[in-house]
Protein chains: 2
Amino acid sequence: MRHKEGNKEKAIIEAAIETFAEDGFYKSKIVDIAEKANVAIGSIYVYYKNKDDILLKIFDQIWEPIYNDMKRIASDKSYTPTQKFEFMLDSVFDAFEKYPEKAVVFVNEQNRLMKERPKSFTNYYELFIKEGEKIIKSGIRSSEFKNLNVRIFRRFVLGGLRELLREWTKNPTKRSLNQIRDSVKYFCKTGILDK
Amino acid sequence: MRHKEGNKEKAIIEAAIETFAEDGFYKSKIVDIAEKANVAIGSIYVYYKNKDDILLKIFDQIWEPIYNDMKRIASDKSYTPTQKFEFMLDSVFDAFEKYPEKAVVFVNEQNRLMKERPKSFTNYYELFIKEGEKIIKSGIRSSEFKNLNVRIFRRFVLGGLRELLREWTKNPTKRSLNQIRDSVKYFCKTGILDK
DNA sequence: TTTTTTTGTGAATTGATATTCAAAAATAAT
DNA sequence: ATTATTTTTGAATATCAATTCACAAAAAAA
C-alpha cells in the first residue's frame, strides 16, 4: 500500500488558514490555496469535500483545544469563580496569540458560517459556551457576582472580545494583547464608574 | 424632460437591504434585488455603480442619522458624561429598533466591508466613534469614570453591542431590546463583581 | 518483475451571476 | 404631430472560479 508523501492534509489546511485570513473566505481561490500548500488543485478535493469543508475543519481546530482547557478550568474546585472567569479569558487569548491567522479567520468568518451552516459548525464552540455560562452562574450563586442576565452578559463579553481580537490581528504583538487582556478583565470586574 | 416614475432609487436600496439581510451580501443576487424592487436588472445599474456601491450607500444611511444624534448629545452641556454615555447607547438601539434589517446588514457586513474598502466606507461611522470617545474622555477628566484605556473600552463595548444586536435580530421585539439595553448600561457602569 | 492499489495531477467542464448595451417606452419640447 | 430627451428594459455577454475525472506516478503486494 502506498504511503502518503508528506502531510498534504495539514499543508492544505494551513495554506487555507493563511489564505482565508488574507483574502476572506469568499475571495479566496482554491487555486491559491493549492499553490501555497504546494499541491495540485485536485489534491484538495482528495482531502476535503469542498471549500466550505475546509473552513469547517479550521473551526474544529480552533475550538477543540480551547474547550479542553475550559473543561479543566471549570472542574477545578480550587479556583474561585472570578479566577475561573479570568482563566477562561486567558485560554482564549493564549490560543489566538499562538496563531494570529486563526484569530483573523475566527473574527471574520465565524458568525456568517454559524448562520449559514448551523448544523455542521463545530460542537466544541457550543460546549465552550456552556462551560463559560456555568462559571458565571456559579459566581452568581456564591454571591461573588451580581445577579446579571447570563446569556446577555456572555454575548456581550464574547462580542467585545472578538472586536478587540479583530483590532489586535492588524498588529499582533504579545504586548498589545496583554494590554487588551488586562483591560478586559479589569473592566468586566468593575465597570466604568469610579466608585 | 421626462420625469422619473416613482422612486426607483429608493425601491432598489430598500430591496437590497432586505435581500442582504436575508441572504448575506455574497449570496444575494442582483436579479433578486431587481425583482423585489419591481425594476429591471438594468435599472439597478442606472442608479448604482455596482453591487458594492449599493452596500456602501446602505451604510451611509445607517450611520448618518446616528452620528447626527451623537453630535447633539455630545454638545449638550446639561448632561453628565454618564448620561451622555447612556444616550449614546440609546441612539444606536433606537436606530436599529426602527429598522431591524439594517441591524442585520450592520452586524454581518460592516467589518468585512471596512476591511475590504476602507477608503469608500462611510465617514459618518468614524465621526460617530470620535464623538463617543470624546464623551468617555470627558468622563475620565471629571473623575466620573475610571481611567481606562478609551480605545480598548470603546471597541469592547461596540463589539459587545454588535453581538447582542446580532442575537436580537433573530427575534426583534421591543421588549427584548429593552432588556438588552438595560443590561448593557448596568454592566458597563458597574461591572460583574458584587461589591 | 509484474500486477494491484493508493495517491496525486491539472486541463477541461460546469455552473453561476455581475454587468453591459442596443433597443424600446415614456414623457417633454417644439 | 413630430422630434428630442430621458428613462427603462432584459437578453446577451463576459468573467470568474469551484469541482470533476481520466489519467499518471508511486508504492506495495504478488
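So that the names make sense, note that chain A is the first sequence line, chain B the second, and so on, each numbered from 1.
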Participant: Could you identify which residues of residues 38-46 of chain B place a heavy atom less than 4.0 Å from some atom of DNA chain C, listed by residue number, or say none?
Facilitator: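 The answer is I41(B), Y45(B).
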
Participant: What heavy-atom pair brings I135(B) and M88(B) nearest, and what distance separates the two atoms?
Facilitator: CD1-SD, 4.5 Å

Participant: Distance under 6.0 Å and angle within 45° of the ring axis: does K57(B) meet both against Y48(B)?
Facilitator: no

Participant: Does Y186(B) have K146(A) sitting over its ring (NZ/CZ under 6.0 Å from centre, angle to axis within 45°)?
Facilitator: yes

Participant: Grab the two heavy atoms, one from T82(A) and one from F145(A), that are nearest each other, plus how far apart they are.
Facilitator: OG1-CE2, 3.5 Å

Participant: Quick check against the 3.5 Å criterion: does K102(B) have a side-chain atom that pairs as donor or acceptor with the backbone of F96(B)?
Facilitator: no

Participant: Where along residues 17-31 of chain A does a heavy atom fall under 4.0 Å from DNA chain C?
Facilitator: none

Participant: Taking only side-chain nitrogens and oxygens of K8(A), does any of them come within less than 4.0 Å of OP1 or OP2 of dG8(C)?
Facilitator: yes

Participant: Are N108(B) and R112(A) close enough that a side-chain donor and a side-chain acceptor fall under 3.5 Å?
Facilitator: no

Participant: Phosphate oxygens OP1/OP2 of dT8(D): is one of them under 4.0 Å from a side-chain N or O of Y47(B)?
Facilitator: yes

Participant: Determine, for E97(A) against R181(A), whether the closest basic-nitrogen to carboxylate-oxygen distance falls under 4.0 angstrom.
Facilitator: yes

Participant: What's the CG-P distance between D53(B) and dA18(C), to the nearest Å?
Facilitator: 15 Å

Participant: Round to a whole Å and report the spacing from CG of D32(A) to P of dA18(D).
Facilitator: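 Those two atoms, CG and P, are 9 Å apart.
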
Participant: Could K8(B) and Y47(B) be counted as a cation-pi pair, given that NZ or CZ must be under 6.0 Å from the ring centre and within 45° of the axis?
Facilitator: no

